[in-house]
Amino acid sequence: MKVVLACDLGGTNLRMALVSKDGEIIYQLNDETPKEKEEIIKRLTLLASMCSSEAQKIGYEVKALGIAAPATLNSKEGIILEAPNVPALNDLPICTILEHNLGIKCFLENDANAAAIGEQYFGAAKGVNSLLMITLGTGVGGGIILDNKLWCGADGTAGEIGHIVVEPMGAPCGCGSRGCLEQYSSASAIVRMAKEMRIDYPESILYSKLFFSAKEVYEAGKKGDKLALKVFEQMGFYLGIALAGLINVLNPEAIVIGGGASKGWELFIPHTIEQIQKRAYKQPAQRAKLLKAKLAEMAGVLGIAKITFDKISSVAMPNI
Ligand SMILES: [Zn+2]
């Protein structure tokens with residue numbers, strides 16, 4: 001059987017898996033993402049080699065490697081351009097290096113784009129032709145699929161839904177702008193907003209905590225903590241503003257929402273829906289189904305596997 005190596009190169013975690021054409025994960029290795037460029041390449045080479053040996057043992061043929069990276073990138077040339085959360089990857093011709101090290105063809109795609117493809121083929125949006133994928137994690141990632149085609153834009157940088165401005169004079173963003181959706185609807189934004197707003201909520205269980213996570217804000221919200229509920233209201237409000245605009249522009253059939261912070265779904269989604277209903281045109285607003293992502297942390301791996309299978313079937317494979 002033919003398989004591909006599929007790698008989700010995250011800011012914190014690294015996943016390398018052998019995946020079949022129908023999305024079955026045959027073997028998988030997880031590791032932390034090293035901080036230095038050379039170490040990242042060494043680790044990727046090692047994990048890919050270990051997975052390939054495993055494939056050989058069970059008689060599978062590894063056709064290529066696909067990498068999903070949290071970055072703007074040139075997928076044609078296989079070069080990572082800017083990775084704000086993993087700066088060691090900036091300007092890295094990752095495909096050329098790994099093709100040299102491993103002797104197989106290597107393909108590169110943005111991680112949120114890969115997740116969008118993953119959810120479309122194997123997850124929440126099966127059978128949907130036009131969809132948006134939003135990943136609410138450390139940052140906010142986005143992927144756009146229109147008429148079954150990943151919309152990459154003229155330079156391959158499209159889909160940065162997290163950097164739509166929802167508050168013109170709002171919080172400064174890593175991208176250089178201010179008031180981006182990422183500053184209001186990501187896991188890090190949940191923590192920041194709770195810290196900023198807690199002065200008005202002395203009764204909150206988060207009021208005097210030195211450190212807390214987005215998950216703790218969610219736990220507090222589930223117990224009815226007013227500060228936490230206000231934070232999720234803000235998160236949903238701003239997400240709704242961004243989605244209403246996207247719905248008017250793109251008229252998608254579905255919007256898939258995933259990522260760690262999407263676990264607070266029931267606390268923020270009513271506010272998101274309210275803004276969509278208030279701001280978007282009626283017909284596209286009714287059409288766009290809001291779906292919870294199904295593949296969790298495996299969306300990137302499965303998506304890049306599908307992309308890699310498509311690439312190897314559409315291009316003549318030169319010997320490297
Ligand atoms: Zn931004």
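By the neighbour-count criterion of 12 heavy atoms within 6.0 Å, atom CD of Glu203 is densely surrounded, having more than that number from other residues, nucleotides or ligands. Within 6.0 Å of the CD atom in Glu266, the count of heavy atoms belonging to other residues, nucleotides or ligands exceeds 12. Around the NZ atom of Lys37, the shell of radius 6.0 Å holds more than 12 heavy atoms that belong to other residues, nucleotides or ligands. Taking a 6.0 Å sphere around CD of Glu196, one finds it holds more than 12 heavy atoms contributed by other residues, nucleotides or ligands. A 6.0 Å sphere centred on CG of Asn148 holds more than 12 heavy atoms belonging to other residues, nucleotides or ligands. Atom CZ of Arg287 has 12 or fewer neighbouring heavy atoms from other residues, nucleotides or ligands inside a 6.0 Å radius. More than 12 heavy atoms of other residues, nucleotides or ligands lie within 6.0 Å of CH2 in Trp265, so this atom counts as buried by the packing criterion.
Taking OG1 of Thr96 as the start and CG of Leu98 as the end, the distance is 9.0 Å to the nearest 0.5 Å. Atoms CD1 and OG, from Ile199 and Ser204 in turn, are 12.0 Å apart once rounded to the nearest 0.5 Å. Here the OH-CZ distance, from Tyr207 to Arg198, works out to 8.5 Å after rounding to the nearest 0.5 Å. Residue Thr135 holds its OG1 atom at 8.5 Å from CD of Glu119, rounded to the nearest 0.5 Å. A distance of 11.5 Å separates CD1 in Ile80 from OG in Ser75, rounded to the nearest 0.5 Å. Taking CG of Leu302 as the start and CG of Leu295 as the end, the distance is 5.5 Å to the nearest 0.5 Å.
Residues Asp31 and Arg43 are in side-chain contact: their nearest non-hydrogen atoms beyond the backbone lie under 4.5 Å apart. Residues Met197 and Leu227 form a side-chain contact, since some pair of their non-hydrogen atoms from C-beta on lies under 4.5 Å apart. Residues Cys106 and Ile94 fail the side-chain proximity criterion, which asks for heavy atoms closer than 4.5 Å. The side-chain heavy atoms of Leu14 and Asn30, taken from C-beta on, include no pair separated by under 4.5 Å. Within the 4.5 Å cutoff, the side chain of Ile247 has no heavy atoms near those of the Asn251 side chain. Using a 4.5 Å heavy-atom cutoff, the side chains of Val86 and Pro70 are in contact. By the 4.5 Å heavy-atom criterion applied to side chains, Glu36 and Ile40 are not counted as neighbours. Considering only heavy atoms from C-beta on, Ile79 stays 4.5 Å or farther from Asp91 through its side chain.
Thr33 places a side-chain N or O within donor-acceptor distance of the main-chain N or O of Gly10, the cut-off being under 3.5 Å. Although no hydrogens or angles enter the test, the distance criterion places a donor-acceptor pair under 3.5 Å between the side chain of Thr72 and the main chain of Glu82. Judged purely by atom type and a 3.5 angstrom limit, Asp155 has no side-chain atom pairing as donor or acceptor with the backbone of Thr157. No donor-acceptor pair under 3.5 Å is formed between the side chain of Glu182 and the backbone N or O of Gly139. The main-chain N or O of Ile67 is never found under 3.5 Å from a side-chain atom of Glu109 such that the two would form a donor-acceptor pair. A donor-acceptor distance shorter than 3.5 angstrom exists from the side chain of Arg178 to the backbone of Gly170, with no hydrogens or angles considered.
A cation-pi geometry, defined here as NZ or CZ lying under 6.0 Å from the six-membered ring centre and within 45° of its normal, holds between Arg192 and Tyr184. Judged by the 6.0 Å and 45° rule, Lys195 forms a cation-pi pair with Phe212. At least one test fails for Lys226 against the ring of Tyr201: distance under 6.0 Å to the centre or angle within 45° of the axis.
Within the structure, side-chain hydrogen bond (donor to acceptor under 3.5 Å, both in side chains) contacts touching residues 1-20 (residues at least two apart or in different chains) are Ser20-Asp22.
Scanning all heavy atoms of the two residues, the minimum distance from Leu18 to Cys51 falls at CD1-O, 3.4 Å. Taking all atoms of both residues into account, the shortest heavy-atom contact from Ile304 to Ala68 is CG1-N, 3.9 Å.
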Next on the checklist: Before you tell me yes or no, could you show the steps for Leu206 and Val231 under side-chain contact (heavy atoms from CB on, under 4.5 Å), namely the whole-Å CA-CA distance, both residues' side-chain angles and the distance that decides it to 0.1 Å?
Outcome noted: CA-CA 12 Å; Leu206 303 165; Val231 168; over 6 Å; no
Item to check | Met16 and Leu65: CA distance, side-chain angles, deciding distance, side-chain contact (heavy atoms from CB on, under 4.5 Å) verdict | outcome: CA-CA 10 Å; Met16 182 77 72; Leu65 164 66; 3.9 Å; yes
Next on the checklist: One pair to check against side-chain contact (heavy atoms from CB on, under 4.5 Å): Cys180 and Val166. What are the steps and the verdict?
Outcome noted: CA-CA 6 Å; Cys180 293; Val166 288; over 6 Å; no
Item to check | Ser52 and Leu5: CA distance, side-chain angles, deciding distance, side-chain contact (heavy atoms from CB on, under 4.5 Å) verdict | outcome: CA-CA 8 Å; Ser52 295; Leu5 284 165; 3.7 Å; yes
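Tracing side-chain contacts under 4.5 Å through hydrophobic residues (I, L, V, M, F, W, Y), one never reaches Leu146 starting from Val256; they form parts of separate clusters. Linking Ile, Leu, Val, Met, Phe, Trp and Tyr residues whenever their side-chain heavy atoms come within less than 4.5 Å places Trp151 and Val140 in a single cluster. Residues Ile161 and Leu291 fall into different hydrophobic clusters, defined by Ile, Leu, Val, Met, Phe, Trp and Tyr side chains chained together at heavy-atom separations under 4.5 Å. If you chain together hydrophobic residues whose side chains sit under 4.5 Å apart, Leu290 and Tyr281 never meet in one group. Note on Leu239 and Ile144: same hydrophobic cluster, where clusters join Ile, Leu, Val, Met, Phe, Trp and Tyr whose side-chain heavy atoms are under 4.5 Å apart, directly or indirectly.
By the 30° and 60° cut-offs, the orientation of the rings of Phe232 relative to Tyr218 is perpendicular.
Residues Glu274 and Lys278 are paired through a salt bridge, judged by an N-O separation under 4.0 Å between the basic side chain and the carboxylate. Using a 4.0 Å cut-off between a side-chain N of Lys or Arg and a carboxylate O of Asp or Glu, Glu99 and Lys105 qualify as a salt bridge. Taking a cutoff of 4.0 Å between a charged side-chain nitrogen and a carboxylate oxygen, Glu61 and Lys63 qualify as a salt bridge. In this structure, Lys209 pairs ionically with Glu216, as a charged nitrogen and a carboxylate oxygen lie closer than 4.0 Å.
Contacts of Asp200 classified as salt bridge (Lys or Arg N to Asp or Glu O under 4.0 Å), with partners at least two apart in sequence or in another chain: none.
With hydrogens and angles left out, the side-chain atoms of Glu233 and Tyr238 include no donor and acceptor closer than 3.5 Å. For the residue pair Gln120 / Asn129, no side-chain donor-acceptor distance below 3.5 Å is found, with atom types taken as modelled.
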